[in-house]
Every structure is written in structure tokens, then in C-alpha cells.
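Structure record follows, encoded as C-alpha cells.
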Amino acid sequence: MPRESRGARIGRMHDEYAILCSMFPAPRCALDFTTPFELLVATMLSAQTTDRRVNTVTPLLFSRFPSAQDLWRAKPEDVEDIIHPLGFYHTKARNLQAMAGIMTTRFHGVVPDSMADLTSLPGVGRKTANVVLGNAFGIPGFPVDTHVTRVTGRLRWRTDWKSASPDPVSIEKEITEVFPPEEWTNLSHRLILLGRELCHARTPSCGECPLASTCPYAAATRGKIPARA
DNA sequence: ATCCCGAGGG
DNA sequence: CCCTCTGGAT
């Protein structure tokens with residue numbers, strides 16, 4: 001089989017995205033929040049945990065510590081107790097309080113709305129910053145998480161799909177140069193939803209996936225047992 | 001045993 | 001590049 005050309009791949013990406021749009025017409029952020037600060041905290045907590053689990057602890061966390069200053073001044077053990085079931089609780093609590101301290105002292109208690117300022121906060125990397133930019137401020141951002149990495153790899157939406165440890169920044173670059181900025185946030189949501197509902201890490205449901213007719217991964221595993229990979 | 005809307009440090 | 005931090009669900 002001939003290798004897919006760049007033009008063909010980009011055309012396929014748009015076709016497949018149209019299907020994704022019909023599958024998930026109105027995607028929204030799965031983390032519960034009411035303010036940029038709450039979204040920033042929730043996203044920082046979401047590392048290596050499901051968003052559903054994050055939503056079970058944030059109501060108490062936000063009612064106990066409504067502002068950055070409250071969180072900064074909190075007793076570390078109180079923060080740890082609340083977020084404990086999410087894992088990485090010691091690191092997350094330290095990052096949250098350090099972030100809250102810098103927000104209070106250097107950003108006047110307001111969540112900054114630029115990539116550079118956000119990632120200057122402790123515990124805030126590019127993925128978290130893109131979530132906040134896109135979902136709290138309406139500024140185009142393309143968060144690359146575990147789902148986006150896996151799904152874009154299986155769909156061959158990126159050229160380094162064979163890499164065992166692909167670079168999230170290069171994924172972000174390769175995908176965002178194909179789609180218009182106003183779609184980036186929803187595109188990320190839709191890829192995540194596909195990953196959560198069908199394109200599972202262990203046993204993807206290619207048989208029920210509307211993208212299977214064009215998906216290279218589905219083609220490669222078709223007829224075989226979709227055991228692993 | 002594997003995975004979940006990662007980030008920082010060596 | 002590697003490693004560590006962590007708990008709950010499947």
C-alpha cells in the first residue's frame with residue numbers, strides 16, 4: 001500500500017473531524033468550574049486522574065478556599081486531606097499553594113490569561129495553560145493530554161505516530177496548523193470524548209466507531225483481534 | 001496489570 | 001532522555 005500523501009492526510013483529517021462534530025455536536029469542559037481560578041485548580045488536580053473524580057472533591061475545596069489567598073493561607077494538611085483521593089496529593093497540594101501564593105502576590109489574585117504567565121506558575125504546564133486559555137478565557141488553545149496523544153496517533157493525524165514517547169508540543173503544532181484557531185478547543189474536547197467513549201487505550205471499540213472506515217489503526221487491526229496497542 | 005484531560009527535576 | 005509523585009477504577 002502506498003504511503004498516504006500529506007495532502008491526502010490533511011483532507012482526511014478534515015473529513016474525520018466533520019464526523020467527530022456530528023458525533024459530539026456541543027462538547028464542553030468535563031471539569032466543573034465557575035471561575036477561571038476554579039478551572040485552573042481543577043485542571044492542576046486532573047493529572048493522572050479522571051475528570052469525574054476531580055469533580056467529586058472540588059466542591060468542598062472551593063467552598064473551603066474560595067480565593068487564591070484563601071488557598072495560599074490554608075494549612076497544607078487541610079488541602080492534602082481534601083484532594084487525597086486524586087493521587088499525587090502531596091505534590092499537587094504544594095503546587096496549588098505555591099501557585100496561589102504567586103497569583104496573590106504577583107498577579108493580584110487574578111488568573112493570568114497568557115501562555116507565558118500561566119506556565120510561569122508552579123505546577124502549570126502547557127497542557128493546563130491551554131485548558132484555561134480555551135475554556136475560561138475563550139483564547140484559542142489546544143490541550144494535548146493522554147487521549148489526544150493516543151487518538152491522534154491512531155488516526156495518523158501526526159507524523160510521529162510510531163514514536164513511543166511523542167513530544168506534546170510537536171503534536172500541538174502539527175494539529176493546530178491544520179485546523180482554524182476557533183476550532184482548537186472544541187477539537188481537543190472531541191478527541192478526548194472519542195478517546196473516553198470509543199478509542200480506549202486498552203481495547204478500542206473500532207467496531208462501533210464511525211471513523212473506522214478511514215482510520216488507519218482500525219484498518220490495521222481489522223479482521224484481527226484488537227487485543228492491544 | 002493498566003490507565004486516568006501532567007509537571008518538574010536530574 | 002529518564003525518573004518520581006499517587007490513588008482509585010477497571
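All heavy atoms count here, side chains included; hydrogens, waters and symmetry mates do not. So that the names make sense, note that chain A is the first sequence line, chain B the second, and so on, each numbered from 1.
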Report task. Inspect the contact between A/R190 and A/E183 and indicate whether a charged nitrogen and a carboxylate oxygen are less than 4.0 angstrom apart. Result -> yes
Query raised in the report: Does OP1 or OP2 of B/dG6 have a side-chain N or O of A/T146 closer than 4.0 Å?
Result: no
Requested in this report: Starting from P on B/dA7, measure out to CG on A/L96 and report it in whole angstrom.
Outcome: 13 Å
Query raised in the report: Does the distance from a Lys or Arg side-chain N to an Asp or Glu carboxylate O, for A/R12 and A/E4, drop under 4.0 Å?
Result: yes
Requested in this report: Looking at every strand, decide which applies to A/T128 at a 4.0 Å heavy-atom threshold: base, sugar-phosphate, or nothing.
Outcome: sugar-phosphate
Requested in this report: Could you check A/Y17 against A/W157 for ring pair (Phe, Tyr, Trp, His ring centres under 6.0 Å), going step by step and ending with a plain yes or no?
Outcome: CA-CA 11 Å; A/Y17 185 51; A/W157 278 21; 7.0 Å; no
Query raised in the report: A/L193 has an atom CG; how far is it from atom P of B/dC5, in whole Å?
Result: 10 Å
Report summary line: Result for 5'-nearest mapping on DNA chain C, choosing between A/R53 and A/A47, is A/A47
Report summary line: Taken to the nearest whole Å, NZ/A/K92 to P/B/dG8 is 13 Å
Query raised in the report: Is the shortest side-chain N/O distance from A/R52 to OP1 or OP2 of C/dA9 below 4.0 Å?
Result: no
Report task. Determine if A/Y89 stacks with C/dG7; use a centre-to-centre distance below 5.5 Å and an interplanar angle below 30° as the criteria. Result -> no
**Report entry** First encountered from the 5' end of DNA chain B, between A/G123 and A/V131
**Finding:** A/V131
Query raised in the report: Heavy atoms under 4.0 Å, any strand shown: does A/V124 hit a base, just sugar-phosphate, or nothing?
Result: sugar-phosphate
Query raised in the report: Counting side-chain heavy atoms from C-beta on, which of B/dG6, B/dT2, B/dC5 comes nearest to A/C29?
Result: B/dC5
Query raised in the report: P atom, C/dG8 versus B/dA7: distance in rounded Å?
Result: 22 Å
Report task. For the pair A/R64 and A/D81, find out whether any cationic side-chain nitrogen is under 4.0 Å from an anionic carboxylate oxygen. Result -> no
Requested in this report: Just do the side-chain hydrogen bond (donor to acceptor under 3.5 Å, both in side chains) check on A/T34 and A/E38 with the steps written out, would you?
Outcome: CA-CA 6 Å; A/T34 59; A/E38 288 188 358; 2.8 Å; yes
Query raised in the report: With rounding to whole Å, what would you report as the distance between C/dT6 and B/dG10 at their P atoms?
Result: 16 Å
**Report entry** Euclidean distance, atom CZ of residue A/R94 to atom C1' of B/dA7 [Å, nearest integer]
**Finding:** 12 Å
Report task. Starting at atom CG of A/L187, determine the distance to atom P of B/dC5, rounded to an integer number of angstrom. Result -> 17 Å
Report summary line: In whole angstroms, the gap separating C1' of B/dT2 from NE2 of A/H147 amounts to 13 Å
Report task. Map A/N95 and A/I192 onto DNA chain B by nearest heavy atom, then report which one ends up closer to the 5' terminus. Result -> A/I192
Query - Protein-nucleotide distance (A/Q48, atom CD; C/dC5, atom P), rounded to Å - result: 14 Å
Query raised in the report: Hey, does A/S165 reach any base, or is it just sugar-phosphate, or nothing, if we go heavy atoms under 4.0 Å?
Result: sugar-phosphate
Query - Among C/dG7, B/dG6, B/dC3, the one nearest A/H84 by side-chain distance - result: C/dG7
Query raised in the report: Do A/R126 and A/E172 sit within salt-bridge range, that is, some charged N less than 4.0 Å from a carboxylate O?
Result: yes
Query - Nearest-angstrom distance, C1' atom, B/dC4 to C/dC5 - result: 15 Å
Requested in this report: Could you tell me whether A/H189 contacts a base, only the sugar-phosphate backbone, or nothing, with contacts defined as non-hydrogen atoms closer than 4.0 Å?
Outcome: base
Requested in this report: With the side chain of A/T49 defined as its heavy atoms from C-beta on, choose the nearest nucleotide among C/dC5, C/dG7, B/dC5.
Outcome: C/dG7
Requested in this report: Determine the contact category for A/T91: base if any of its heavy atoms lies under 4.0 Å from a base atom, sugar-phosphate if only primed atoms, P, OP1 or OP2 are that close, otherwise nothing.
Outcome: sugar-phosphate
Query raised in the report: Atom CD of A/E38 and atom P of B/dC5: how far apart are they, to the nearest Å?
Result: 20 Å
